Amino acid sequence: MLEIKNLHAGVKGKMILHGVDLKIKQGEMHVIMGRNGSGKSTLSNVITGRDGYEITAGDIVYKGESILDWSPENRALAGIFMSFQYPVVIPGVNNTYFLKAAVNSKRKHNGEKELDAANFLKLIKEKLTEMDMEPEYLQRAVNEGFSGGEKKRNEILQLLCLEPELSIMDETDSGLDIDALKIVAKGINKYRNEQRSFLVITHYQRLLKYIHPDNVHVLIDGKIVRSGNKDLAIELEEKGYRWLESA
Amino acid sequence: MTLAHYQTQFDQLLDRDDAHGPIHQIRKKAFSKFLETGFPTQKWEDWRFTDLSHLEKQSYQISDGLDDPLTTTDRSAYKMEGVETIVIHNGHYQKALSSHHDGIRVFTDPEYINERSGQIKTIEDDPFDLLNTAFMDSCLYLIIDRNINLKIPVRILVISSGIDPIMVSPRVYVDMNESSSATLIEHYLGDATSTFQNSSLFFSIAENSHLDHIRIQSNPISAHHVANLDVSLYRNGQYNFFQLSQGSELGRSNIRVNLKEEGSQCTLNGLSLSVGNQHLDNNILVDHFAPNCTSSQNFKSILEENSSGVFNGKVTVRKDAQKTDAEQTNKNLLLSKKAVMNSNPQMEIYADDVRCAHGSSTGELDKDALFYLRSRGLDAITARSLMIRGFATELLGSIKHEGIKNYLTKALDTWIMEKNKK
């Protein structure tokens with residue numbers, strides 16, 4: 001599904017990733033853990049094609065094709081989705097309007113019939129219930145006046161509507177109370193199946209109580225220094241990152 | 001200064017005027033005053049950012065139209081559903097094409113002026129109102145009697161057409177008597193090749209009366225448009241103003257709202273959309289004379305290409321205007337590196353027990369928001385359009401009349417779409 005090869009990337013002349021290798025197969029869930037500044041967000045931003053990042057070496061291959069030159073929207077249409085660490089407030093842009101446009105953009109790309117207002121409403125209402133969100137959400141502007149928890153739930157709601165094949169969860173768990181964390185985890189677990197892949201970025205182990213990854217990687221100073229299974233996360237929780245830094 | 005050309009035109013106008021009518025003397029007085037002041041220059045504080053030299057260079061002619069039915073111009077493009085329309089073509093009232101509710105009485109001079117012993121209200125020493133007074137084509141007086149509530153909006157449609165450079169000076173007075181209410185649309189359209197349109201509007205809103213005023217300036221891009229708007233509110237009067245400004249090479253609105261008596265309220269909202277070399281300028285003065293009055297201003301500009309704009313908004317709170325509640329906001333969106341916005345919110349407060357707030361911000365589209373939308377599969381143009389629309393819609397939300405709101409929303413969407421085609 002996704003293969004990152006020897007990726008070197010930076011922003012404003014400062015190199016952040018120093019040769020990342022990562023392979024995520026269809027249906028797999030990988031977790032990347034690391035402290036602030038280790039390059040976690042840079043990694044998710046370069047996969048989704050955010051402006052301002054410079055890739056000096058390596059490649060990102062998605063479903064067999066290099067996507068380095070692809071626009072963010074083409075990556076999204078091809079099935080890549082990122083749940084933002086800091087979802088953006090967009091004043092005046094109505095949630096329903098935005099989400100309908102996004103869903104239909106994807107349907108059009110897939111050669112499917114665009115949803116009309118009634119069918120879209122049916123879809124969104126079903127997903128709202130799944131995420132335990134109020135229907136009044138539909139009338140509001142994108143993320144405007146949302147609490148931290150609501151913003152993160154909104155990200156998962158969008159994920160459920162857009163049905164990506166590769167979901168990148170960028171610190172989706174940070175800033176969530178335990179109830180919101182459970183709802184978010186439930187959304188992810190329900191969505192997960194053997195076709196869909198996940199890359200979960202976090203610096204806490206606590207999300208891993210609710211989701212069960214196939215692989216865990218530790219990112220330090222822009223390099224993956226250790227990979228393992230869920231036990232690695234537990235080990236990190238006990239020992240911290242320092243023992244890996246010296247390794 | 002080359003006002004000689006205006007002198008020639010003025011002499012021509014006097015020739016065809018009724019020398020014994022009340023207007024004749026009013027014109028002469030105004031024109032001689034205008035010659036003393038001349039056009040404002042950029043040395044005038046209120047005109048610092050707006051260059052009027054074109055008005056002196058171009059040889060505009062007075063419109064030779066008449067107050068007669070207009071039959072030649074195709075009017076289908078000027079239609080608006082659900083309103084009653086009063087038509088002014090090249091400055092002249094077209095009675096046969098106009099319709100209005102019985103509750104509104106429409107006069108032209110001289111009958112109205114005679115009733116007021118030869119006096120009409122003007123804006124003291126304002127060059128453009130002086131010029132309008134001197135050159136006014138047909139002058140209209142709309143009177144809404146007490147306790148009349150007009151449900152259907154009345155639209156004053158000001159059309160400019162023709163291939164000669166013409167100067168048109170529509171002048172309209174609206175008197176709302178006690179406890180009346182109305183929605184009035186002022187709509188500028190046309191296909192004139194070159195026009196200098198200088199309009200003056202006076203609203204008097206009596207006790208407990210309520211006026212919603214929507215001004216749509218969609219003139220052809222070659223037009224030079226100056227609007228002089230003077231509103232006076234009396235006890236518990238209410239005035240809601242919305243302006244969509246998108247036409248004209250030069251568009252300047254001089255908006256004066258006088259909160260004369262206790263309990264009066266006004267909200268002034270404006271959206272300016274400019275492209276090319278357009279320059280759209282809003283000069284606003286809200287004058288609080290009396291206690292317990294409320295005013296708010298919310299103006300936004302979206303500027304593309306080399307266009308420029310001005311927000312010069314001022315609130316004056318006089319000594320007696322205690323418990324004033326006034327706010328002023330100006331937000332601008334620059335869509336091009338070459339676009340320029342001049343924003344100057346001001347407050348002058350002489351009372352001590354007031355609540356006044358103002359703010360101004362100018363910026364580009366938020367890059368993070370743009371990326372957010374694109375990361376959901378919207379292409380760059382759609383994402384931009386959505387954000388531009390989002391920036392503007394807050395203002396459209398203030399319009400109560402659904403039909404007008406839809407019309408304006410469509411105008412906004414069309415503007416955004418046209419822009420994307422470039």
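Not measured: the values here are computed from a predicted model. Proteins come first, then strands; the chains are lettered A, B, ... in the order of their sequence lines, and each starts at number 1.
In this structure, chain A has no heavy atom under 4.5 Å from any part of B/A383. Proximity to chain B is limited to the side chain of A/N143, based on heavy atoms less than 4.5 angstrom apart. In this structure, chain B has heavy atoms under 4.5 Å from both the backbone and the side chain of A/P87. Neither the backbone nor the side chain of A/V103 comes within contact range of chain B; no heavy atom of the residue lies under 4.5 Å from a heavy atom of that chain. Only the side chain of A/Y97 comes within less than 4.5 Å of a heavy atom of chain B; its backbone N, CA, C and O stay farther away.
Across every non-hydrogen atom of A/A76 and B/S375, the tightest pair is CB-O, 3.3 Å. The two atoms that bring B/M387 and A/V93 nearest to each other are CA-CG2, 4.2 Å, heavy atoms only. Across all their heavy atoms, B/R376 and A/S83 have their closest contact at NH2-CA, 4.5 Å. What you find for A/S105 and B/G377 is that their closest heavy atoms are OG-O, 2.5 Å.
With a 4.5 Å cut-off on side-chain heavy atoms, B/E394 and A/P91 do not count as touching. Between A/V88 and B/F371 the shortest side-chain heavy-atom distance does not fall below 4.5 Å. A/R50 has its side chain within reach of B/D368: a pair of non-hydrogen atoms, C-beta onward, lies under 4.5 Å apart. Looking at A/F98 and B/L373, their side chains come closer than 4.5 Å, going by heavy atoms from C-beta outward.
By the 6.0 Å contact criterion, CZ on A/F146 is enclosed, its count of non-hydrogen atoms from other residues, nucleotides or ligands being greater than 12. For A/N193, the CG atom counts as densely surrounded, since its 6.0 Å shell holds more than 12 non-hydrogen atoms of other residues, nucleotides or ligands. Counted within 6.0 Å of NZ on B/K331, heavy atoms from surrounding residues, nucleotides or ligands total 12 or fewer; the atom is thus considered open. Atom NZ of A/K108 is surrounded by 12 or fewer heavy atoms from other residues, nucleotides or ligands within 6.0 Å. More than 12 heavy atoms of other residues, nucleotides or ligands lie within 6.0 Å of CD in A/Q195, so this atom counts as buried by the packing criterion. Counting heavy atoms of neighbouring residues, nucleotides and ligands inside a 6.0 Å radius, atom CG of A/D59 exceeds 12 of them. Taking a 6.0 Å sphere around NZ of A/K127, one finds it holds more than 12 heavy atoms contributed by other residues, nucleotides or ligands.
The greatest number of non-hydrogen atom pairs below 4.5 Å with chain B, out of A/G92, A/P164, A/A78, A/G49, is found for A/G92. The greatest number of non-hydrogen atom pairs below 4.5 Å with chain A, out of B/L378, B/D366, B/T393, is found for B/L378.
Note: A/N74 CG to B/R374 CZ = 9.0 Å, rounded to the nearest 0.5 Å. The structure places NE2 of A/H109 at 12.0 Å from CG of B/D379, a figure rounded to the nearest 0.5 Å.
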